[in-house]
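Everything on this sheet refers to the single structure shown next.
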Amino acid sequence: MTKTSPNRRRPAGFTLVELLVVLAILGLLAGLVGPQVMKFLGTSKTKTAALQIEDLGATLDLYRLETGRYPEGLDALVTDPGDAPNWNGPYLRKGVVPKDPWGNDYHYRAPGEHGAYDIWSLGADNQEGGDGDDKDISSWTEPERG
């Protein structure tokens with residue numbers, strides 16, 4: 001007859017069942033939280049584009065105050081176009097015209113169809129129209145708050 005000692009300890013570590021339970025819980029959390037994180041990522045890019053358009057608009061207004069007119073292209077904000085008297089740039093801190101959050105160039109037109117100038121991004125799909133991340137963001141529409 002074998003006697004077991006009451007002081008005998010169980011080996012340290014996790015059982016397979018405990019590990020499977022933890023993995024199942026992590027999988028559920030990832031399934032619930034993942035889509036929400038991706039949704040916030042998309043809306044933050046849209047908000048970033050709206051803020052960049054607003055900043056570009058303020059920079060264009062400063063350019064106009066100094067030169068008397070709006071530039072023909074956004075590149076004039078960082079390099080002297082040669083035909084703008086009193087050009088005192090570069091007007092953008094980093095010395096480059098920013099791209100939209102999806103890596104595309106902003107579209108610009110002066111004179112604009114909706115104001116003195118129009119600036120817009122075509123969203124994630126870089127095509128006109130769309131919903132969600134693909135929605136166009138422009139200087140003439142009010143950005144969504146939220």
Side-chain angles (χ1 to χ4, degrees), residues 7-146:
N7 292 337
R8 186 171 177 224
R9 291 184 160 200
R10 190 171 161 208
F14 298 106
T15 66
L16 180 60
V17 172
E18 290 170 328
L19 288 173
L20 289 175
V21 168
V22 168
L23 288 174
I25 291 170
L26 289 174
L28 285 172
L29 284 175
L32 295 172
V33 174
Q36 294 299 319
V37 169
M38 295 310 288
K39 183 177 97 174
F40 286 123
L41 246 171
T43 58
S44 69
K45 283 187 176 187
T46 302
K47 289 178 183 177
T48 298
L51 286 172
Q52 284 180 330
I53 287 172
E54 212 172 290
D55 287 345
L56 284 171
T59 305
L60 287 166
D61 291 336
L62 176 62
Y63 180 97
R64 185 176 97 22
L65 281 173
E66 291 190 356
T67 64
R69 63 180 173 81
Y70 288 107
E72 292 178 20
L74 293 176
D75 288 336
L77 298 175
V78 292
T79 56
D80 187 350
D83 63 349
N86 301 325
W87 187 87
N88 196 20
Y91 294 90
L92 297 172
R93 278 191 199 140
K94 294 184 179 178
V96 297
V97 178
K99 294 196 177 288
D100 71 12
W102 299 279
N104 304 311
D105 291 328
Y106 282 103
H107 300 271
Y108 170 75
R109 174 177 47 224
E113 294 176 3
H114 304 279
Y117 57 83
D118 295 341
I119 309 171
W120 69 99
S121 166
L122 297 176
D125 64 354
N126 202 29
Q127 295 181 18
E128 287 190 28
D131 294 320
D133 288 350
D134 297 338
K135 183 178 179 183
D136 299 350
I137 302 108
S138 64
S139 59
W140 61 90
T141 56
E142 186 66 28
E144 292 180 17
R145 306 285 181 197

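The two residues Tyr106 and Ala49 come nearest to each other via the heavy atoms OH-CA, 3.5 Å. A pairwise comparison of heavy atoms in Asp134 and Ala124 identifies OD1-CB, 3.5 Å as the closest pair. Closest heavy-atom contact between Ala76 and Trp87: O-NE1, 2.8 Å. Considering all non-hydrogen atoms of both residues, Pro101 and Gln52 come closest at CD-OE1, 3.8 Å. Contact record, Glu66 with Tyr91: OE1-OH, 2.6 Å, taken as the closest heavy-atom pair.
A distance of 5.0 Å separates CD1 of Ile119 from CG of Leu56, quoted to the nearest 0.5 Å. Atom CG of Leu74 and atom CG of Leu60 lie 6.0 Å apart (nearest 0.5 Å). Distance check: Asp100 CG to His107 NE2 gives 7.5 Å after rounding to the nearest 0.5 Å. Rounding to the nearest 0.5 Å places CG of Asp118 at 6.5 Å from CD of Glu113. Thr46 OG1 to Trp102 CH2: the interatomic distance, rounded to the nearest 0.5 Å, is 4.0 Å. Note that CG of Asn86 and CG of Leu65 are 11.5 Å apart. Values are rounded to the nearest 0.5 Å.
Of the possible donor and acceptor atoms, one in the side chain of Asp136 sits under 3.5 Å from a partner among the backbone N and O of Gly129. Although no hydrogens or angles enter the test, the distance criterion places a donor-acceptor pair under 3.5 Å between the side chain of Tyr108 and the main chain of Pro71.
Looking only at atom types and distance, the side chain of Asp61 has a donor-acceptor partner in the side chain of Tyr70 under 3.5 Å away.
Within the 4.5 Å cutoff, the side chain of Tyr63 has heavy atoms near those of the Leu77 side chain. Side-chain contact between Arg69 and Asp83: present, with at least one pair of heavy atoms (C-beta onward) separated by less than 4.5 Å.
A salt bridge between Asp55 and Arg93 is absent, with no side-chain N of the basic residue lying under 4.0 Å from a carboxylate O of the acidic one.
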> Where do Asn104 and Leu122 land on the side chain to side chain contact (heavy atoms under 4.5 Å, CB included) test, with the steps shown first?
Replying inline: CA-CA 8 Å; Asn104 304 311; Leu122 297 176; over 6 Å; no
